[in-house]
Amino acid sequence: MINFDSRGGMETGMEHRDSARERLTNIYANMISSIGLTGREIARLSGTRPQYISDIKRRQRPLSQEMFMRTLLGLFGKYKWLISGDLPTDTQRIITLYPHISDPERDTPPLPVFQRPFMGPKMTVEDWDGNFVCVASPVREMAEKMHEPYILHLPFNDRTGRLKKGDYLLVDQTASAEASFVLIKSGWGVKLVRKVEQGFEDVESGEHRFDPDVQIIGNVSMLLMGSL
């Protein structure tokens, strides 16, 4: 295979693979440098030998996508559910996020902010724009008991007026029998609904849902901030 490079010249398949590998290595090296971890610490996080990381940094060993992903998984820790699989994007996000998650005893842990209702397990680049806020007590204690919590920056008004566009809602990605507002699976997407006497009411559209087999996949635990 032959590709044309940015200068209009021809680039062979091998050269293309080499340049792609070099770009990947540069991104990896920049991540390690920006985060400020030693090769030994990176090796521990990625489950490999320090010499292996040193060889990659000195360009004496090729960097595989698998090794890159193993490093990201180690760096993201319990936030690994935020990994989209797009290595450059995930790298930029962990560079910003890592200082806030590196200390498990931190008084103000970060929570990602989503612009639409979300439910895992598969994250895409479009699901999260990389924004997050650090929360203090009592939100911190609540979030620590939740499964992969996040903050929903509500993009629409509640038809009843209870919630407003721009409100910040604390979401727990587990089902709840007690919550008034829950997330349900709807086709390929996720809907925020309110429990009513006979089923659910779509918060955005006002549509009623009477399906007894609807799958509840998350719940709103509290309104963090809202319009006055």
Side-chain angles (χ1 to χ4, degrees), residues 65 69 72-73 76-94 96-97 101 109-135 139 142-227:
Q65 292 198 6
M69 184 55 67
L72 283 173
L73 288 168
F76 272 93
K78 69 177 183 179
Y79 295 84
K80 61 174 61 74
W81 63 279
L82 293 171
I83 295 176
S84 69
D86 183 283
L87 296 179
T89 300
D90 291 334
T91 297
Q92 287 303 312
R93 290 174 178 173
I94 194 57
T96 304
L97 192 62
I101 67 177
L111 289 179
V113 178
F114 285 74
Q115 304 301 323
R116 294 290 306 180
F118 168 80
M119 200 68 196
K122 179 60 178 174
M123 171 75 65
T124 69
V125 173
E126 293 76 21
D127 287 326
W128 181 48
D129 60 10
N131 285 319
F132 63 90
V133 296
C134 293
V135 296
V139 179
M142 292 185 64
E144 287 176 344
K145 300 175 183 177
M146 296 177 180
H147 176 63
E148 297 174 348
Y150 67 87
I151 294 172
L152 172 62
H153 187 202
L154 198 65
F156 45 75
N157 286 315
D158 181 351
R159 285 300 184 96
T160 68
R162 174 66 181 88
L163 301 174
K164 299 289 187 181
K165 180 179 179 179
D167 285 350
Y168 290 86
L169 311 177
L170 179 61
V171 175
D172 181 5
Q173 295 190 67
T174 55
S176 171
E178 293 78 28
S180 299
F181 292 88
V182 296
L183 298 175
I184 64 171
K185 193 72 176 170
S186 177
W188 293 102
V190 177
K191 292 287 187 180
L192 174 62
V193 299
R194 175 191 301 100
K195 289 181 181 177
V196 293
E197 187 173 347
Q198 294 183 331
F200 304 92
E201 183 180 73
D202 190 310
V203 171
E204 183 176 11
S205 68
E207 174 189 357
H208 280 76
R209 296 170 177 264
F210 305 101
D211 184 357
D213 299 321
V214 68
Q215 183 184 3
I216 298 177
I217 53 179
N219 70 90
V220 175
S221 297
M222 68 183 300
L223 171 65
L224 295 180
M225 294 175 279
S227 303

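It should be emphasised that the depicted structure is a prediction, and the values quoted were computed from it without experimental measurement. Heavy atoms only: backbone and side chains are in, while hydrogens, waters and symmetry mates are out.
Nearest approach of Pro109 to Tyr79, heavy atoms of both residues: CB-OH, 4.1 Å. Listed here is the closest heavy atom pair of Leu87 and Met69: CD2-CE, 3.7 Å. Heavy atoms only, all atoms of each residue included: Ala143 and Pro149 are closest at O-CG, 3.6 Å. The heavy-atom pair separating Ile83 from Leu73 by the smallest distance is CD1-CD2, 3.6 Å.
Here Asn131 contributes atom CG and Leu97 contributes atom CG; the two are 11.0 Å apart, rounded to the nearest 0.5 Å. In this structure, CD1 on Ile217 lies 8.0 Å from CD1 on Ile184, to the nearest 0.5 angstrom. Atoms CG and CG, on Leu152 and Leu183 in that order, are 7.5 Å from each other to the nearest 0.5 Å. Summarising the geometry, atom CD belonging to Glu148 is positioned 8.0 Å from atom CG belonging to Leu82; distances are rounded to the nearest 0.5 Å. Note: Met222 CE to Leu170 CG = 7.0 Å, rounded to the nearest 0.5 Å.
Under the side chain to side chain contact (heavy atoms under 4.5 Å, CB included) test applied with Leu224, the options Val133, Val139, Asp167 reduce to a single match, Val139. With Leu192 as reference, Leu169 is the one residue of Leu169, Asp202, Val171 to meet the side chain to side chain contact (heavy atoms under 4.5 Å, CB included) rule.
Side-chain contact between Leu223 and Lys164: absent, with no pair of heavy atoms (C-beta onward) separated by less than 4.5 Å. Asn157 is listed as a side-chain neighbour of Lys165, based on a closest heavy-atom distance under 4.5 Å.
No donor-acceptor distance shorter than 3.5 angstrom exists from the side chain of Lys145 to the backbone of Met142, with no hydrogens or angles considered. Checking side-chain atoms of Asn219 against main-chain N and O of Val182 turns up no donor-acceptor pair under 3.5 Å. Judged by distance alone, the side chain of Lys195 and the main-chain N or O of Ala179 form a donor-acceptor pair under 3.5 Å.
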Gln173/Met146 under side chain to side chain contact (heavy atoms under 4.5 Å, CB included): CA gap, chis, key distance, verdict: CA-CA 7 Å; Gln173 295 190 67; Met146 296 177 180; over 6 Å; no
Side chain to side chain contact (heavy atoms under 4.5 Å, CB included) between Phe76 and Ile94, worked out: CA-CA 7 Å; Phe76 272 93; Ile94 194 57; 3.7 Å; yes
Worked check of side chain to side chain contact (heavy atoms under 4.5 Å, CB included) between Val193 and Phe181: CA-CA 6 Å; Val193 299; Phe181 292 88; over 6 Å; no
CA sep, side-chain torsions, deciding dist, call: Phe156, Val203, side chain to side chain contact (heavy atoms under 4.5 Å, CB included): CA-CA 9 Å; Phe156 45 75; Val203 171; 3.8 Å; yes
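Legend: residues meeting side-chain hydrogen bond (donor to acceptor under 3.5 Å, both in side chains) with Ser84, ordered by chain and number and at least two apart, are Asp90. Qualifying salt bridge (charged side-chain N to carboxylate O under 4.0 Å, His left out) partners for Glu201, counting only residues two or more places apart in sequence or in other chains: Arg194. The side-chain hydrogen bond (donor to acceptor under 3.5 Å, both in side chains) test applied to Thr174 returns Asp172, not counting sequence neighbours. Taking the side-chain hydrogen bond (donor to acceptor under 3.5 Å, both in side chains) definition, one finds that Asp86 meets it with Thr89, sequence neighbours left out. Taking Glu144 as the reference, Arg140 meet the salt bridge (charged side-chain N to carboxylate O under 4.0 Å, His left out) condition, with sequence neighbours excluded. Residues passing the side-chain contact (heavy atoms from CB on, under 4.5 Å) test with Ser186 are Lys191, Arg209, sequence neighbours excluded. The ring-ring contact (aromatic ring centres under 6.0 Å, His included) search around Phe132 returns His100, not counting sequence neighbours.
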List the atom pairs, donor and acceptor, that lie under 3.5 Å between side-chain atoms in residues 110-123 and the rest of the protein, sequence neighbours left out.
from   : atom 1 : to     : atom 2 : distance (Å)
Gln115 : OE1    : His153 : ND1    : 3.2
Arg116 : NH2    : Glu204 : OE1    : 3.4

